[in-house]
2 protein chains.
Amino acid sequence: MANPVRDQILEQAASLLMTRGYHGFSYRDIAAEVGVKTSSIHYHFPTKEDLVMAAVEEYSAEVARNLRMIDTTLAADMQLQRYAHHFGLMRGAAGDRICLCGMLASDIESLPESVRVAVQSFFKMNEQWLAAVVERGARDGTLRGSGDAEADARALFGAFQGCVLASRLFRSSARIDDVVRAWRQAQ
Amino acid sequence: MANPVRDQILEQAASLLMTRGYHGFSYRDIAAEVGVKTSSIHYHFPTKEDLVMAAVEEYSAEVARNLRMIDTTLAADMQLQRYAHHFGLMRGAAGDRICLCGMLASDIESLPESVRVAVQSFFKMNEQWLAAVVERGARDGTLRGSGDAEADARALFGAFQGCVLASRLFRSSARIDDVVRAWRQAQ
DNA sequence: GTCTATACCGAGATAGAC
DNA sequence: GTCTATCTCGGTATAGAC
């Protein structure tokens, strides 16, 4: 798994997707960055759809791993803070990235159905995890909730997606913290 | 102002921007829909940047008008519901649109700085309006707030943007109501 | 598995007739 | 103000040598 070309291609594709979106980059961009020709990329990923699907799957798997790394014995508001921290890291060193699946959700109307399904799965995974935290927050009193944990989780995940977008727009990382602040129960 | 070609072009451009994003449509798409040639579009809007800037300005003006139409003597939660209603309408008959400025925020890294400034203004306008509602909600007891109305407004607006995105992704309009439900003070 | 070379198309944009 | 015609570039994708 050292660093074969295929992995580099996939990594660059993910980075470009997060920065510029599906129609905002080309095989040439990846080729230039990785140091191969565009035809080599087509060898590994025949079509752009193949490339994007592979990027989504790997991205989802990585986020799933991050979620599992968050200690579920922590207070709910602390778990949420960890989650927000991961969301912030994903913006990259230059701060020019947003969530890969948030980006693809923006482009969804010009993408094949297979991508929509994969992105929906990513959303559901996050919402499910957040619903569990909201429920715990209602019990341990660290988060406010409306009583409907699933609905709260959808609103919460939307807030993270929207605030990451705004963070990049304003070049200010602080906007992600607004979400945790807004959902924390006043002590 | 009946329906000159220029207005039709602008309307189609806005619609295509909301559906497919900046790189997801072409002068040809607009030309086909309006019934003119692409060169006619270039006459009215020399570059694509001109076209997008005009679309943003008009869209912002329309949203500003909608905000002014919401009765400020209503209870805060009712004002928020009206706001959510407008957000939902914008998705269009086919439900394939998201907020024009939310879409451009996704594409922002491949757009000229002028667009970034215009989109930032749109975000600020909405956040300012929402901050006033959150403040009122703290007074009339219909909305929950953290004490920092500006931060709450940023989180709230992010939630609307993110939930509109998710609504389209899942083809379900219900997801926008989740935001109002989550912010309403339990009675 | 990577290369060179190329096919093919669609993009934004412009010149100039009407 | 709209048209025809055309330019130039960059996009995805493929064939075939190495």
Side-chain angles (χ1 to χ4, degrees), chain A residues 1-56 58 100 103-104 106-115, chain B residues 1-56 58 100 103-104 106-115:
Chain A
M1 169 82 73
N3 218 354
V5 171
R6 203 195 113 105
D7 289 0
Q8 290 185 58
I9 291 170
L10 210 46
E11 190 183 322
Q12 270 302 315
S15 174
L16 284 163
L17 275 171
M18 291 192 269
T19 306
R20 306 173 59 97
Y22 184 82
H23 299 100
F25 77 99
S26 71
Y27 277 61
R28 272 189 167 147
D29 298 322
I30 299 176
E33 209 68 36
V34 176
V36 293
K37 300 297 173 181
T38 60
S39 49
S40 297
I41 304 176
H42 280 286
Y43 170 79
H44 294 286
F45 307 95
T47 71
K48 205 173 179 182
E49 176 180 347
D50 295 324
L51 180 58
V52 169
M53 281 300 292
V56 173
E58 183 155 315
L100 194 150
M103 180 63 93
L104 291 178
S106 292
D107 294 333
I108 206 70
E109 295 298 324
S110 44
L111 292 175
E113 193 64 18
S114 56
V115 176
Chain B
M1 171 78 76
N3 219 352
V5 169
R6 202 195 114 105
D7 289 359
Q8 289 185 59
I9 291 170
L10 209 47
E11 191 184 321
Q12 270 303 315
S15 175
L16 284 163
L17 274 170
M18 292 192 270
T19 305
R20 305 173 59 96
Y22 184 82
H23 298 99
F25 77 99
S26 72
Y27 276 59
R28 274 190 162 146
D29 298 322
I30 300 175
E33 209 67 37
V34 176
V36 293
K37 299 298 173 181
T38 61
S39 49
S40 297
I41 304 176
H42 280 288
Y43 170 79
H44 294 286
F45 307 96
T47 71
K48 205 174 181 183
E49 176 180 346
D50 296 324
L51 179 59
V52 169
M53 280 300 292
V56 172
E58 183 156 312
L100 194 151
M103 181 62 94
L104 290 177
S106 293
D107 295 333
I108 206 69
E109 296 297 325
S110 44
L111 292 175
E113 193 63 20
S114 56
V115 176

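Reminder, nothing fancy here: chain letters follow the sequence lines and each chain counts from 1.
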| query | CD of E109(B): more than 12 outside heavy atoms within 6.0 angstrom? | reply |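 Yes - once you tally the heavy atoms of other residues, nucleotides and ligands closer than 6.0 Å, there are more than 12.
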
Give a yes or no answer on whether the side chain of [X] reaches the backbone of [Y] with a donor-acceptor pair at less than 3.5 Å.
X	Y	answer
D29(A)	S26(A)	yes
D7(A)	P4(A)	no
D107(A)	G21(A)	no

Below 4.0 angstrom from OP1 or OP2 of [N], is there any side-chain N or O of [X]?
X	N	value
R28(A)	dG10(D)	no
Y43(A)	dT2(C)	no
Y27(A)	dA13(D)	yes
H23(A)	dG11(D)	no
H44(A)	dT2(C)	yes

Please give, in whole Å, the distance from [N] [atom2] to [X] [atom1]?
X	N	atom1	atom2	value
E49(A)	dG11(D)	CD	C1'	17 Å
H42(A)	dA13(D)	NE2	P	5 Å
I30(A)	dG11(D)	CD1	P	11 Å
K48(A)	dG11(D)	NZ	P	9 Å

From CA spacing to verdict: side-chain contact (heavy atoms from CB on, under 4.5 Å), K48(A), Y22(A): CA-CA 9 Å; K48(A) 205 173 179 182; Y22(A) 184 82; 3.4 Å; yes

Considering heavy-atom distances to DNA chain D, does I9(B) or T47(A) have its closest nucleotide positioned more toward the 5' end?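 It is I9(B), whose closest nucleotide lies nearer the 5' terminus.
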
Quick tally for nucleotides 3-9 of chain C: nucleotides whose base has a protein heavy atom under 4.0 Å get B, sugar-phosphate-only ones S, the rest -, giving BB-----

